[in-house]
Amino acid sequence: MAAAEEGDSSSQLTQQISSTTLSDGPDSTLEWAQFSHRVLIKTIISRPDGGAALAGEKVIVGGWVKTGREQGKGTFAFLEVNDGSCPGNLQVIVDSGVYSLASLVATGTCVYVEGELKKTPEGTRQKVELKVSKVLEVGSVDSAKYPVPKTKLTLEFLRDLVHLRSRTNTISAVARIRNALSYATHTFFQKHGFLYVHTPIVTTSDCEGAGEMFQVTTLFSDAEKMEKELKENPPPSAADIESATLLVKEKGDAVAQKKTEKASKEVIKVAVAELTKAKESLSKLEERSKLKPGLPQKDGKIDYSQDFFARQAFLTVSGQLQVETYACALSSVYTFGPTFRAEHSHTSRHLAEFWMVEPEIAFADLEDDMNCAEAYVKFLSQWLLDHCLDDMELMVKNYDKTAIERLKLVSSTPFERITYTDAVKLLENVTERNFENKVEWGIDLASEHERYLTEVIFKKPVIVYNYPKGIKAFYMRLNDDMKTVAAMDVLVPKVGELVGGSQREERIDVIEE
């Protein structure tokens, strides 16, 4: 009963913390309080006062020890505990009389503790710390074998630690940022009346028409199973089939003879049953005789009619085809899910797997498309500043010094809008920079061109629109000049193209041609 009473106190604290934090974003704890006594570390240390007002409250926290050290000649220990809810750690103090300190201080140790929040001395970094009264659970580690030390690790090294890399500052920050952006994406489109449509991941359509798709097939596994089965049970020989054929003839003759002799119905029934059995056996032998190891062939090509879907199937490169049909019934829709590209360009700009947002708007033109894209990018940039500033500060410290500056720029600055033709003219007049890719009307702008426009010429986000029809997809609306189509790309500093879109061609005669 004592544990339940103290648990109730923790639950009340969670309710109290909820009332002072955002109630409609990914950092809300309102729902958390309804099913857990554990308090997120973020709700303690991320308050404006650093949690000082919570001093005296009893809480239960769980997390993993970032650093730990015994102090006072082994009479107590300081633990820096992180539960993944934010980059910051909660300082936890455990006396030796409460638990064996040696079992707690190793980096990576999982702890689930109960205690009272205390104000820290003036001048210390944290405003509050947890004085532990009871250690509820401990997941110990062997410090000699634990592969994630306190020191900074390279991203390449972490690729081999898939199961533990999310405990590092970088990967956990990326996870929280991606979570926030996903939440913000749904928030933006839902607030603007869009419906979320789930489009298939396995498809028979090549939406982009480039053929750079991952194929989904069971033919290889089926062929391996067949090869194994034929080794264990070899196919029938010609002699086996000939013998079975003779048996069918023999049983057929027997039935005919019984009928000629006007045998009883029971005798004829038995003879017919034997004939049927012989025919079935022959049919099975003939089918097995056709089985061959390897992939099924027809007319010298792989026979996909024998595949799982009876035709070729692929991992989707885009949900556009499917979601367009919904736009023609539900007006404003979007799909947001994984897409796959089998491009042999192994750079950070050519991912094999990524998540893509694809909105489709009925009764809209290119200007509507540009307005939507600009509003969406601004919304996400501001969302990160409002909800993930601590994680973004970590990115600025370790990876990208100007990330927050660019987010502020993008979120607050009207995007420059310029036609492709005018953009090419500006780039052709550049004299202080030699581009690797020649600039001329009709080319698909390279990343260096896009970044020069947004970083040097305009120093802010840029939307380039009305591209030459020869470098864009056939479904984009042909402009009156008969040379360009109503397509646009959103360019942002340091990245280049971030969003691509277009007004679809609705004139049936034009699209058929």
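Values below: every heavy atom of this structure, side chains too, minus hydrogens, waters and symmetry copies. Positions are given from 1, in the same order as the sequence printed here.
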Please determine whether a side-chain nitrogen of the Lys or Arg among [X] and [Y] lies less than 4.0 Å from a carboxylate oxygen of the Asp or Glu.
{"X": "Glu455", "Y": "Lys460", "answer": "no"}
{"X": "Lys483", "Y": "Asp481", "answer": "no"}
{"X": "Glu374", "Y": "Lys378", "answer": "yes"}
{"X": "Asp400", "Y": "Arg406", "answer": "yes"}
{"X": "Glu505", "Y": "Arg507", "answer": "yes"}
{"X": "Lys472", "Y": "Asp444", "answer": "no"}

Please list, chain by chain and in numerical order, all residues satisfying side-chain contact (heavy atoms from CB on, under 4.5 Å) with [X], sequence neighbours excluded.
{"X": "Asn89", "value": "Lys66, Glu80, Asn82"}
{"X": "Thr203", "value": "Ser205, Thr316, Gln322"}
{"X": "Val490", "value": "Ala373, Phe415, Ile463, Met488, Val492, Val499"}

Ring centres of Phe188 and Trp383 under 6.0 Å apart?
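No, the ring of Phe188 stays outside the 6.0 Å limit from the ring of Trp383, centre to centre.
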So does [X] have more than 12 non-hydrogen atoms from other groups sitting under 6.0 Å from [atom1]?
{"X": "Phe308", "atom1": "CZ", "answer": "no"}
{"X": "Glu367", "atom1": "CD", "answer": "no"}
{"X": "Phe189", "atom1": "CZ", "answer": "yes"}

I'd like to check [X] versus [Y] (side-chain heavy atoms, cut-off strictly below 4.5 Å). Are they in contact?
{"X": "Trp355", "Y": "Arg178", "result": "yes"}
{"X": "Ile201", "Y": "Pro338", "result": "yes"}
{"X": "Leu136", "Y": "Val113", "result": "no"}
{"X": "Glu358", "Y": "Phe336", "result": "no"}
{"X": "Thr185", "Y": "Tyr376", "result": "yes"}
{"X": "Arg341", "Y": "Phe354", "result": "yes"}
{"X": "Leu407", "Y": "Met392", "result": "yes"}
{"X": "Lys191", "Y": "Thr187", "result": "yes"}

Start with the C-alpha distance between Glu497 and Arg451, add both sets of side-chain angles, then the distance that settles salt bridge (charged side-chain N to carboxylate O under 4.0 Å, His left out), and finish with yes or no.
CA-CA 8 Å; Glu497 181 189 344; Arg451 290 187 59 179; over 6 Å; no
Go through Arg504 and Gln320 one step at a time and tell me if the side-chain contact (heavy atoms from CB on, under 4.5 Å) criterion holds.
CA-CA 11 Å; Arg504 304 290 189 250; Gln320 177 186 314; 3.2 Å; yes
Please tell me whether [X] and [Y] have a donor and an acceptor in their side chains that are separated by less than 3.5 angstrom.
{"X": "Thr339", "Y": "Ser318", "answer": "no"}
{"X": "Tyr475", "Y": "Glu506", "answer": "no"}
{"X": "Thr217", "Y": "Tyr304", "answer": "no"}
{"X": "Thr419", "Y": "Asp422", "answer": "yes"}
{"X": "Tyr465", "Y": "Thr484", "answer": "no"}
{"X": "Ser502", "Y": "Asp369", "answer": "no"}

Fit a plane to each ring of His186 and Tyr196, take the angle between them on a 0 to 90° scale, and name the class: parallel (under 30°), tilted (30 to 60°) or perpendicular (over 60°).
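It falls in the perpendicular class, over 60°.
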Would you call the rings of Phe340 and Phe214 parallel, tilted or perpendicular, where under 30° means parallel and over 60° means perpendicular?
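Rings of Phe340 and Phe214: perpendicular, over 60°.
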Tell me the closest heavy-atom pair linking [X] and [Y], and the distance in Å.
{"X": "Ala180", "Y": "Cys388", "answer": "CB-SG, 3.4 Å"}
{"X": "Pro414", "Y": "Ser412", "answer": "CD-O, 3.9 Å"}
{"X": "Leu394", "Y": "Ala173", "answer": "CD2-CB, 3.7 Å"}
{"X": "Pro147", "Y": "Leu153", "answer": "O-CD1, 4.4 Å"}
{"X": "Pro461", "Y": "Val410", "answer": "CG-CG2, 3.8 Å"}
{"X": "Val128", "Y": "Leu117", "answer": "CG2-CB, 3.7 Å"}

Atom pairs and distances, side-chain donor-acceptor, residues 427-438, under 3.5 Å, sequence neighbours left out:
residue: Asn429; atom: ND2; partner: Lys425; partner atom: O; Å: 3.1
residue: Glu432; atom: OE2; partner: Tyr452; partner atom: OH; Å: 2.5
residue: Asn437; atom: ND2; partner: Glu448; partner atom: OE2; Å: 2.8

Would Leu409 and Lys459 count as a side-chain contact (heavy atoms from CB on, under 4.5 Å) if you check the C-alpha gap in whole Å, the side-chain angles of each, and the deciding distance to 0.1 Å?
CA-CA 9 Å; Leu409 173 71; Lys459 296 182 173 60; over 6 Å; no
Which is it for Asp222 and Phe220 under the side-chain contact (heavy atoms from CB on, under 4.5 Å) test, yes or no, and what are the steps along the way?
CA-CA 5 Å; Asp222 290 345; Phe220 291 97; over 6 Å; no
Which value, rounded to the nearest 0.5 Å, describes the distance between [X] atom [atom1] and [Y] atom [atom2]?
{"X": "Arg165", "Y": "Phe157", "atom1": "CZ", "atom2": "CZ", "value": "12.5 Å"}
{"X": "Cys328", "Y": "Tyr326", "atom1": "SG", "atom2": "OH", "value": "12.5 Å"}
{"X": "Ser172", "Y": "Asp391", "atom1": "OG", "atom2": "CG", "value": "7.0 Å"}
{"X": "Asp368", "Y": "Met370", "atom1": "CG", "atom2": "CE", "value": "9.0 Å"}
{"X": "Cys86", "Y": "Arg176", "atom1": "SG", "atom2": "CZ", "value": "6.5 Å"}

Are Arg38 and Asp83 close enough, and set up right, to give a salt bridge (charged side-chain N to carboxylate O under 4.0 Å, His left out), and what steps lead you there?
CA-CA 11 Å; Arg38 181 170 72 91; Asp83 65 359; 3.7 Å; yes
Evaluate Val464 against Leu491 for side-chain contact (heavy atoms from CB on, under 4.5 Å), listing each step before the verdict.
CA-CA 8 Å; Val464 178; Leu491 315 179; 3.7 Å; yes
With Phe314 via ring pair (Phe, Tyr, Trp, His ring centres under 6.0 Å) - residues at least two apart:
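In terms of ring pair (Phe, Tyr, Trp, His ring centres under 6.0 Å), with neighbours along the sequence ignored, Phe314 is linked to no residue.
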Set of residues satisfying ring pair (Phe, Tyr, Trp, His ring centres under 6.0 Å) with respect to Tyr420, sequence neighbours excluded
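In terms of ring pair (Phe, Tyr, Trp, His ring centres under 6.0 Å), with neighbours along the sequence ignored, Tyr420 is linked to Trp441, Tyr467.
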Polar side-chain atom of [X] near backbone of [Y] as donor-acceptor pair, under 3.5 Å:
{"X": "Thr204", "Y": "Ala313", "value": "no"}
{"X": "Ser411", "Y": "Lys408", "value": "yes"}
{"X": "Gln503", "Y": "Leu366", "value": "yes"}

Do Thr218 and Asp307 pass the side chain to side chain donor-acceptor pair (under 3.5 Å) test, and can you show the C-alpha distance, the side-chain angles, and the key distance before you say yes or no?
CA-CA 6 Å; Thr218 59; Asp307 206 350; 3.1 Å; yes
